[in-house]
Amino acid sequence: MKQYILEMEEYANEHNVPIIEKDSIAYIMKYIKKNNVKSILEIGSAIGYSSILMASANPETVVTTIEKDEARYMECLKNVKKCNMENKVHVVFQDALDLNLDPNNKYDLIFIDAAKGQYMKFFEKYKYFLSDNGVIITDNLKFHGYVGKSEKIESKNLKGLVTKIENYIEFLKDNEEFDTKFFDLGDGLSFSTKKNASK
Ligand code: SAH
Ligand code: MG
């Protein structure tokens, strides 16, 4: 499998696919092992890099991952198959904001890593699917160093996006239901747990 992971890193590099940074995924994999995470929901599969690595962290872990771009979805399926992970990684081809999951499904870990401007929507939609002691992890909170500097950005689109990430960070900090820890790892990572959780 290691060979395929390296090939995915090369592919991502060549095709500008924004896969998770190594220190971030290493930290998440450690969390999965330590907390015996069994079920994961990922929003934003891209080519399957983070889903395959998360699924490999613990023999019992199963990942459901959602991707709306068809080409990436196809690439993701190909990689899951190559790595013999068809039983552990289920790829759903849909826009995560349109998908209706079975409300009885609960996940120990929800990884938000899709469109950065929609983070708050993903969080509000999917928090109902988190198990009581579960965690919602969000990636790219630094957005390549732009976050916190939106006022100085000239490009309107970029400024809008960065402002949305800044607002999301404030939303997490002020949240009444969730406690959030921020980590200065990779492109910036947050871990949000329910305030009433037993651990
Ligand atoms: N988690 C991957 C990287 C994901 S990149 C990894 O670290 O390996 C973000 C992906 O989210 C892109 O492929 C993009 O097409 C997808 N995406 C963006 N908005 C989405 C949405 N609303 N629903 C599903 N996928 C979405
Ligand atoms: Mg990311």
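For the numbers below, each heavy atom of this structure counts, side chains included, while hydrogens, waters and symmetry mates do not. First listed ligand is number 1; within each ligand, the first listed atom is number 1.
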**Prompt:** Is any side-chain heavy atom of Val37 closer than 4.5 Å to a side-chain heavy atom of Asn58?
**Reply:** no
**Prompt:** Does any non-hydrogen side-chain atom of Tyr49 lie less than 4.5 Å from one of Ile20?
**Reply:** yes
**Message:** For Met1, is the CE atom crowded, meaning more than 12 foreign heavy atoms sit under 6.0 Å from it?
**Reply:** yes
**Prompt:** Is there an N/O/S atom in Glu21 that lies less than 2.8 Å from the Mg ion (ligand 2)?
**Reply:** no
**Within the 4.0 Å heavy-atom sphere of ligand 1, strictly under, residues** = Pro18, Ile19, Ile20, Glu42, Gly44, Ser45, Ala46, Tyr49, Ser50, Ile66, Glu67, Lys68, Asp69, Arg72, Gln94, Asp95, Ala96, Asp113, Ala114, Ala115, Phe122
**Asked** To the nearest 10 degrees, how large is the angle at the Mg ion (ligand 2) between Asn140 OD1 and Asp139 OD2?
**Response** 90°
**Item:** Positive for side chain to side chain contact (heavy atoms under 4.5 Å, CB included) with Ser190, one of Ile112, Leu141, Val135
**Value:** Leu141
**Request:** Give a yes or no on whether a salt bridge exists between Asp132 and Lys106, defined as a side-chain N under 4.0 angstrom from a carboxylate O.
**Result:** no
**Request:** Indicate if the distance from the Mg ion (ligand 2) to the nearest N, O or S atom of Ser24 falls below 2.8 Å.
**Result:** no
**Request:** Inspect the contact between Glu7 and Lys82 and indicate whether a charged nitrogen and a carboxylate oxygen are less than 4.0 angstrom apart.
**Result:** yes
Could you list the donor-acceptor pairs under 3.5 angstrom formed between side-chain atoms of residues 119-126 and any protein atom two or more places apart in sequence or on another chain?
residue : atom : partner : partner atom : Å
Tyr119  : OH   : Lys116  : NZ           : 3.3
Tyr119  : OH   : Asp139  : O            : 2.6
Lys121  : NZ   : Gln118  : OE1          : 3.4
Glu124  : OE1  : Lys127  : NZ           : 2.7
Lys125  : NZ   : Ala96   : O            : 3.2
Lys125  : NZ   : Leu97   : O            : 3.1
Lys125  : NZ   : Leu99   : O            : 2.6
Tyr126  : OH   : Ala96   : O            : 2.6

**Message:** Looking at the Mg ion (ligand 2), is there an N, O or S atom belonging to Asp187 that lies under 2.8 Å away from it?
**Reply:** no
**Request:** Have a look at Asp113 and say which of its N, O or S atoms is nearest the Mg ion (ligand 2).
**Result:** OD1
**Request:** Report the C-alpha distance between Ile136 and Leu130 in whole Å, list the side-chain angles of each, state the deciding distance to 0.1 Å, and finish with yes or no for side chain to side chain contact (heavy atoms under 4.5 Å, CB included).
**Result:** CA-CA 8 Å; Ile136 301 181; Leu130 188 67; 3.7 Å; yes
